[in-house]
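A quick write-up on the structure given underneath.
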Amino acid sequence: MRVSQFPLSTLRETPSDAEVVSHQLMLRAGLIKQLASGLYTWMPLGLKVLRKVEQIVREEMDASGALELLMPAVQPAELWQESGRWEKYGPELLRLNDRHQRPFCFGPTHEEVITDIARAELRSYKQLPVNYYQIQTKFRDEIRPRFGVMRAREFVMKDAYSFSIDEAGLQKTFDAMHRAYCNVFDRLGLQYRPVDADGGSIGGSQSTEFHVLADSGEDAIAWCPESNYAANTEMAEALAPAGDRAAPNEDMRLVDTPDTKTIAALVEKHGLDITKTVKTLIVDADESVEGGLIALMVRGDHELNAIKAEKLDGVSAPLTMASDERVRAAVGAGFGSLGPVNLPMPIIIDRTVAVMSDFGAGANQDDKHHFGINWERDLPLPTVADIRNVVPGDPSPDGKGTLEIVRGIEVGHIFQLGTLYSEALRCAVLDENGKNSVLHMGCYGIGVSRVVAAAIEQNNDDRGIIWTDALAPFDVALCPINMHKSERLKAEAEAMHDRLQAEGFNVLFDDRNMRPGAMFSDMELIGIPHRVVISDRGLEEGTFEYKSRTGESAEHHPLDALENVLRGD
RNA sequence: CGGGGCAUGGCGCAGUCUGGUAGCGCAUCUGGUUUGGGACCAGAGGGUCGCAGGUUCGAAUCCUGCUGCCCCGACCA
């Protein structure tokens with residue numbers, strides 16, 4: 001491909017509304033162009049990359065035995081009413097009417113449609129298992145689209161849906177998808193982690209997210225280098241610290257602590273070690289608790305985990321912090337002076353808190369704290385549970401090594417749905433005994449367009465994008481120096497371009513009459529992995545210059561070694 | 001949806017406070033000189049200053065309303 005036939009639209013300056021590096025580089029390299037909030041055109045160069053991702057995903061899905069189909073993007077409301085999601089999905093669902101005022105939506109996902117197909121198509125257990133997938137544009141009316149195609153409203157997704165006769169069958173397909181996803185991200189050359197996730201609102205027993213590692217990622221992942229355990233921080237279990245609680249060393253005493261409303265102030269003004277402080281959070285309780293309030297306590301430097309907390313007996317879900325007035329009415333003191341001693345409500349403490357001794361906490365009187373508190377001496381040990389987020393250095397829940405916290409971009413998610421949709425839409429087949437059996441479903445997503453942004457987020461430098469070979473829109477940038485002054489060089493460049501193309505290299509031949517600096521800058525910005533420079537001087541010596549996008553400096557090779565050098569021999 | 005910011009040629013910005021001929025850099029086009037890390041000279045094209053209303057002899061600038069976009073919070077591929 002000649003640049004004269006494939007115009008680049010690179011920008012020297014960064015558009016001002018792009019915040020993250022992948023968005024900035026995608027705009028500067030001319031991969032995408034924004035139409036409106038969360039809506040982007042994939043320009044020719046960007047589309048080449050998007051198609052590469054699609055192709056790898058397609059090949060691995062096919063290899064796993066999944067069947068590609070293509071469902072309509074626009075879906076009738078009746079199906080969504082049947083599953084109950086027309087009401088549940090909320091404003092993220094783009095709803096529209098046709099000319100007869102019949103309601104439709106633009107599909108944010110396709111469980112309803114595929115289940116409708118499956119219930120018509122599948123009659124017998126002998127047809128199972130089956131796994132359908134498609135690569136298609138989705139629309140989710142996000143509250144706040146941001147970071148370019150990283151969180152767009154319209155985006156390209158690979159979504160797959162499997163149907164199995166029972167749980168064991170579902171587990172098999174789920175495992176096969178897990179392997180297929182690893183193959184995809186391996187081939188893309190990305191650093192990633194499969195991560196245990198919360199089944200969340202969709203339900204289902206098992207759920208794994210695939211995260212591309214990047215410091216700018218929106219999700220925090222707990223992972224253990226020793227065992228490769230990885231989980232969303234919200235999911236990772238915080239184990240009890242090793243060892244028993246130390247014996248009391250101090251007497252409990254009431255201390256005046258004016259203007260000390262936070263843990264930070266307590267540490268600063270009164271010299272307490274933060275690991276000797278306890279934070280008290282009061283939340284709404286469920287009906288089982290008299291008074292309607294319940295206290296949750298974590299160590300001063302730890303954070304409450306809302307997902308863990310709202311699953312506990314006595315805590316109302318969703319987790320709601322109690323109002324200042326209610327707390328004051330019940331306790332007689334406000335936020336900042338709360339603690340376990342004489343607290344008139346049920347208490348649940350974190351496992352770490354349970355092994356603390358000689359600690360400080362609010363005294364449930366304004367401007368006073370208790371120091372030197374000890375469980376089972378000053379007050380009974382309350383209910384103990386895991387209610388905090390893990391922090392770096394925590395023991396890994398699988399018992400091997402310690403956790404680190406890394407950041408990631410969620411690019412894939414596989415779920416076991418079970419019979420959630422198949423029951424609602426009455427999707428069943430006859431089993432071996434001739435009985436109706438509701439199918440077990442799984443669903444498996446890859447954010448294809450997000451993968452492109454995530455790859456850039458993970459691989460870039462101050463000159464621009466660095467594509468892996470699998471993703472690069474072109475393999476080789478062919479850059480002749482002062483070609484328009486030399487017929488000989490021009491002929492050689494043309495010949496080299498044609499020859500490399502014929503040998504299967506995807507070459508971007510810069511036939512613009514540009515100065516070398518500008519040419520190199522463009523090729524580096526758009527991230528072409530291999531650069532070949534030829535000049536009259538080189539031709540005299542029978543050499544060309546090669547530099548990889550990541551290489552330190554250029555190397556000179558004999559002209560006849562070109563293919564070997566590009567193949568990495 | 002709450003909080004903050006921005007809107008002037010394709011991109012980045014100045015001009016707005018204090019009303020008076022729309023400007024700069026990049027990019028684009030023409031001609032010339034150049035050519036190993038974003039060249040230089042000369043010339044040219046391109047903007048109803050987000051939209052609507054108002055104040056005024058006169059509005060990018062002041063007033064009112066609206067719209068769009070971006071950033072910070074809970075959700076998701």
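Chain identifiers are assigned alphabetically (A, B, ...) following the order of the sequence lines, protein sequences preceding nucleic acid strands; residue numbering begins at 1 within each chain. Predicted model, so just to flag it, every value in this text is computed and none were measured.
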* Asked: Counting side-chain heavy atoms from CB outward, which of B:rU34, B:rC1, B:rC70 is closest to A:Gln34?
  -> B:rC70

* Asked: Relative to each other, are the rings of A:Phe210 and A:Tyr181 parallel, tilted or perpendicular (30° and 60° limits)?
  -> tilted

* A:Arg144 side-chain proximity, nearest of B:rA77, B:rG12, B:rC71 -> B:rC71

* Of all the choices, B:rG36, B:rC75, B:rA77, which nucleotide is nearest to the side chain of A:Glu92 once you look at every atom? -> B:rC75

* Quick one: salt bridge (Lys or Arg N to Asp or Glu O under 4.0 Å) pairs with a partner in residues 1-29 of chain A, sequence neighbours left out? -> A:Arg2-A:Glu494

* Between B:rC76, B:rG36, B:rA77, spot the one nearest the side chain of A:Asp219, thanks. => B:rC76

Polar-atom pairs under 3.5 Å, protein N or O versus N or O of nucleotides 13-16 of chain B: list them with distances, or write none.
| unit_1 | atom_1 | unit_2 | atom_2 | d |
| --- | --- | --- | --- | --- |
| B:rC13 | OP2 | A:Ser16 | OG | 3.1 |

* Asked: In whole angstroms, how far is the C1' atom of B:rC75 from the CZ atom of A:Arg450?
  -> 11 Å

* To do: Output the single nucleotide from B:rA27, B:rA77, B:rG73 whose closest atom is nearest the side chain of A:Arg12.
  => B:rA27

* Candidate nucleotides B:rU34, B:rA77, B:rG37, ranked by approach to the side chain of A:Arg515 - the nearest -> B:rU34

* Taking the inter-plane angle between the rings of A:Tyr192 and A:Phe185 on a 0 to 90° scale, is it parallel (under 30°), tilted (30 to 60°) or perpendicular (over 60°)? -> tilted

Between the protein and nucleotides 44-47 of chain B, which nitrogen or oxygen pairs come in under 3.5 angstrom?
none

* Under a 4.0 Å N-O cut-off, is there an ion pair linking A:Arg407 with A:Glu457? -> no

* To do: Test A:Asp522 against every option in A:Arg531, A:Arg512, A:Arg515 by the salt bridge (charged side-chain N to carboxylate O under 4.0 Å, His left out) rule and name the one that passes.
  => A:Arg512

* **pi-stack flag for A:Phe520 and B:rG38, centroid dist under 5.5 Å, interplanar under 30°** => no

* Establish, with yes or no, whether the OP1 or OP2 oxygen of B:rC70 is under 4.0 angstrom from a side-chain nitrogen or oxygen of A:Ser37. => yes

* Presence of A:Arg146 side-chain N/O under 4.0 Å of B:rC75 phosphate oxygens OP1/OP2 -> no

